[in-house]
Amino acid sequence: MAHKPISITNLSLEFPHKVCFSGFSTQILPGERIGIIGRNGTGKSSLLKILTDNMDSTSGRVSGVDGLRIGYVPQTVLQHSDLSGGERFNKSFSDALASHPDVLVLDEPTNHLDQNTKYSLMRMLNNYQGTLIIVTHDIDLLTKCVDKIWHIENGRINVFFGNYYDYMSEKGIQLSVQQKALDSLQKEKKKLRIQRQQEAQKMAKSGKKKAKDNDKLGFDAKSGNAQAKAGAKITKLREKLEEVQTEIGSTRLPEEYRPKFVLDSAYTQSNSNLISVSFGECGYGTQTVLSEIYFSIDSNDKIALSGSNASGKTTFIRALMQDPKVTCNGDWHLLPAKDIGYLEQHYQNLDSEQTVEGTIQDRNPSMNSLEIRKHLNSFLFRKNEEVFAKVKTLSGGEKARLSLAQIAARPPKLLILDEITNNLDIETKQYIASVLSQYPGAFLVISHERAFLDQLPLTAEYMIQNGILKQKFR
């Protein structure tokens with residue numbers, strides 16, 4: 001599957017509300033295994049679309065791809081809508097491999113996969129002989145399946161050789177060297193400033209003495225020269241400090257405000273029952289997916305639901321949401337759909353043609369423009385370009401933030417969060433866990449990420465196995 005090098009020349013990508021990266025030039029050699037990382041919204045998915053000729057760059061070019069077989073699986077697989085998220089990925093991934101691609105391009109491939117399926121994917125990727133390019137936040141993939149890291153940060157793409165741990169080590173060394181240089185320069189600048197102050201004090205004392213005019217002028221000239229030299233040194237040091245600080249800025253992740261929102265709830269005064277199911281069954285038409293369902297949620301419950309891909313988790317959620325496509329039997333006492341805040345794992349609850357501001361206005365028409373801006377500010381949508389951007393221009397992580405902002409604009413009686421950590425960078429995942437830990441209302445969260453669930457104050461856990469919903473006891 002060897003191919004000629006793919007050349008990337010002076011590639012840039014800009015949107016009205018942000019600059020993702022600029023001036024990127026490199027080569028992709030046959031057989032390389034590249035992991036692309038960066039915070040949400042830095043342009044990772046867009047870069048893959050440019051490389052696969054599914055999107056135009058702002059400037060620059062990609063050459064050497066003509067005639068190559070490229071297998072591309074995007075972040076949000078919208079085909080095969082009748083399948084679960086994991087099933088959709090597996091089908092699209094199988095289709096991509098069936099073309100015997102020279103280059104395999106995957107965008108967040110583990111988003112919807114359970115642990116067993118993820119490890120099967122990793123084995124297949126390690127056996128794949130072609131060129132591999134992956135966007136992922138999954139440290140397992142970055143450690144075991146790649147040998148080069150492209151990190152998008154501060155409008156640049158930095159290239160590191162090795163896996164994720166090699167990259168972290170190199171970044172740490174760079175930062176340590178630069179920090180030592182910065183500390184040394186700051187000490188020297190402080191020393192020169194003290195010398196300058198001492199010279200000024202000497203000149204002030206000498207000016208009080210009665211000296212001959214020519215002696216005084218001689219001193220003034222000498223003192224003035226010393227002051228000028230010290231000033232020149234400080235100016236030079238200041239320039240050097242700015243240079244080192246810029247280097248550190250490109251090594252360290254940029255400072256970013258954290259959302260200060262609280263998903264408040266007006267329904268936590270008493271521990272009332274919200275949902276109860278007994279002797280339940282659900283499925284599609286005559287096909288039963290789940291049976292023997294005994295399940296309840298009270299207004300203070302924090303519940304996790306797990307299960308392997310295609311086990312029936314999404315079907316169960318649709319049943320709770322009273323989806324007309326789902327057939328239910330048994331005793332179901334449910335909330336109206338309008339009282340449930342639902343974060344759909346593919347963000348299809350968002351109108352792609354609507355703006356960020358309009359999304360919140362639609363959710364809560366009583367909010368005025370100032371209130372909406374203040375609300376969005378807490379979710380890191382601050383600039384006019386961000387607030388007025390259309391949903392279709394947002395990254396997966398930005399859509400996740402907007403979905404949370406949409407839910408919080410009119411707090412529901414119950415939150416249902418379906419794979420909420422998909423598309424989120426590591427720091428944002430930790431913050432979302434912190435927010436949910438403080439949330440006073442009820443939630444039902446579906447996640448394959450054990451580390452994420454372990455951070456939540458869960459009151460109960462359920463799992464689906466062999467078509468049966470069972471409560472897990474620790």
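Start at 1 with the first residue, then count along the sequence. For the numbers below, each heavy atom of this structure counts, side chains included, while hydrogens, waters and symmetry mates do not.
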Decide if the gap between the ring center of Trp150 and the ring center of Phe160 is smaller than 6.0 angstrom. no
Scan side-chain atoms only and decide if Ser25 and Asn10 contain a donor-acceptor pair under the 3.5 Å cut-off. no
Would you confirm whether Thr393, through its side chain, and Ala389, through its main-chain N or O, come within 3.5 Å as a donor-acceptor pair? no
Taking atom NZ as the centre, does Lys302 end up with more than 12 heavy-atom neighbours from other residues, nucleotides or ligands that are less than 6.0 angstrom away? yes
Salt-bridge test for Glu398 and Lys392: reply yes if a basic N is under 4.0 Å from a carboxylate O, no otherwise. no
Judged by atom type as modelled, is there a donor-acceptor pair below 3.5 Å linking the side chain of Glu32 to the main-chain atoms of Leu29? yes
Could you give me the CA-CA distance, side-chain angles and deciding distance for Tyr284 and Thr315, then say whether side-chain hydrogen bond (donor to acceptor under 3.5 Å, both in side chains) is met? CA-CA 9 Å; Tyr284 301 93; Thr315 300; 3.0 Å; yes
What are the two closest heavy atoms between Leu106 and Leu48, and how far apart are they? O-CD1, 3.6 Å
Write down the atom of Ile416, the atom of Met321, and the distance for their closest heavy-atom approach. CD1-SD, 4.2 Å
Spell out, as yes or no, whether a donor-acceptor pair under 3.5 Å connects the side chain of Ser22 to the backbone of Ser12. no
Mind running side-chain contact (heavy atoms from CB on, under 4.5 Å) on Asp53 and Ile70 for me, showing each step along the way? CA-CA 10 Å; Asp53 200 25; Ile70 298 178; over 6 Å; no
With a 4.5 Å cut-off on side-chain heavy atoms, are Asp418 and Tyr342 touching? yes
Going by an N to O cut-off under 4.0 Å, is there a salt bridge joining Glu386 and Lys18? no
Do any N or O atoms from the side chain of Thr9 and from the backbone of Gly60 form a donor-acceptor pair under 3.5 angstrom? no
Have His448 and Ser306 got a donor and an acceptor in their side chains that come within less than 3.5 Å? no
Electrostatic pair Lys91-Asp95, nearest N-O below 4.0 angstrom: yes
Heavy atoms of Arg373 and Arg382 approach each other most closely as NH2-O, 3.1 Å
Less than 4.5 Å apart, any side-chain heavy atom of Ile34 and any of Leu132? no
Tell me, do Leu417 and Leu444 make a side-chain contact under 4.5 Å, heavy atoms counted? no
Could you check Gln406 against Asn364 for side-chain hydrogen bond (donor to acceptor under 3.5 Å, both in side chains), going step by step and ending with a plain yes or no? CA-CA 9 Å; Gln406 183 187 45; Asn364 190 342; over 6 Å; no
Whether Asp147 and Arg33 form a salt bridge (side-chain N of Lys/Arg under 4.0 Å from carboxylate O of Asp/Glu) is what I want to check. no
Contact check, side chains of Phe443 and Leu458, non-hydrogen atoms, under 4.5 Å: yes
N/O donor-acceptor pair under 3.5 Å between Lys44 side chain and Arg39 backbone: yes
Are Leu305 and Ile464 packed together at the side-chain level, in the sense that at least one heavy-atom pair is separated by less than 4.5 angstrom? yes
Scan side-chain atoms only and decide if Asp114 and Thr117 contain a donor-acceptor pair under the 3.5 Å cut-off. yes
At what distance, to the nearest 0.5 angstrom, does CZ of Arg363 lie from CZ of Arg410? 4.5 Å
Please answer whether the main-chain N or O of Gly43 pairs with a side-chain N or O of Ser46 as donor and acceptor at a distance below 3.5 Å. no
Please state whether the rings of Phe93 and Phe89 are parallel, tilted or perpendicular, taking 30° and 60° as the class boundaries. parallel
Check whether any side-chain heavy atom of Ile134 lies under 4.5 Å from a side-chain heavy atom of Val105, and answer yes or no. no
Tell me if the NZ atom of Lys4 is crowded by more than 12 foreign heavy atoms within 6.0 Å. no
If every non-hydrogen atom of Gln75 is compared with every non-hydrogen atom of Asn111, which pair is closest and at what distance? CG-ND2, 4.1 Å
I'd like to know whether CG of Asn54 has more than 12 heavy-atom contacts from other residues, nucleotides or ligands below 6.0 angstrom. yes
What about Phe295 and Phe316, are their ring centers closer than 6.0 Å? yes
Output yes when a side-chain donor or acceptor of Asp301 lies under 3.5 Å from a complementary backbone atom of Ala442, and no otherwise. no
For Leu104 and Leu125, run side-chain contact (heavy atoms from CB on, under 4.5 Å): C-alpha distance rounded to whole Å, both residues' side-chain angles, the deciding distance at 0.1 Å, then the answer. CA-CA 9 Å; Leu104 184 59; Leu125 292 181; 4.0 Å; yes
Output yes when Asp138 and Lys118 qualify as a salt bridge under the 4.0 Å nitrogen-oxygen rule, no when they do not. yes
For the atom pair CD1 (Ile149) and CG (Asn163), what is the distance rounded to the nearest 0.5 Å? 7.0 Å
Going by the rule ring pair (Phe, Tyr, Trp, His ring centres under 6.0 Å), which residues pair with Phe21 if we only count those two or more places apart in sequence or in a different chain? none
Dump the intermediate steps for side-chain contact (heavy atoms from CB on, under 4.5 Å) on Ile360 and Met367, then the final yes or no. CA-CA 8 Å; Ile360 304 305; Met367 294 176 72; 4.0 Å; yes
Between the CD atom in Glu419 and the OG1 atom in Thr314, the distance rounded to the nearest 0.5 Å is 8.0 Å
Distance (rounded to the nearest 0.5 Å) between Gln455 CD and Glu449 CD: 9.5 Å
Only counting residues at least two apart or in another chain, list the ones meeting ring pair (Phe, Tyr, Trp, His ring centres under 6.0 Å) with Tyr72. none
To the nearest 0.5 Å, how far apart are CG in Asn158 and CD1 in Ile152? 10.0 Å
Has Gln129 got a side-chain atom pairing as donor or acceptor with Asn127's backbone, closer than 3.5 angstrom? yes
For the backbone of Gly307 and the side chain of Lys313, can you confirm whether one donor and one acceptor N or O come within less than 3.5 Å of each other? yes
Residues in side chain to side chain contact (heavy atoms under 4.5 Å, CB included) with Ser120, at least two apart? Arg123
CA sep, side-chain torsions, deciding dist, call: Lys399, Thr76, side-chain contact (heavy atoms from CB on, under 4.5 Å): CA-CA 12 Å; Lys399 288 178 181 177; Thr76 303; over 6 Å; no
Show the nearest heavy-atom pair for residues Asp102 and Gly67, with the distance to one decimal. OD2-O, 4.5 Å
Just by distance, do the side chain of Thr355 and the backbone of Gly358 share a donor-acceptor pair under 3.5 Å? yes
Please tell me if the side chains of Lys472 and Gln465 come closer than 4.5 Å, counting only heavy atoms from C-beta onward. no
Between atom CG of Leu394 and atom CZ of Phe381, what is the distance when rounded to the nearest 0.5 Å? 5.5 Å
Which atom pair, heavy atoms only, marks the closest approach of Val73 to Ala96? CG2-CB, 4.0 Å
Hey, does Ile303 have a side-chain heavy atom less than 4.5 Å from the side chain of Glu461? no
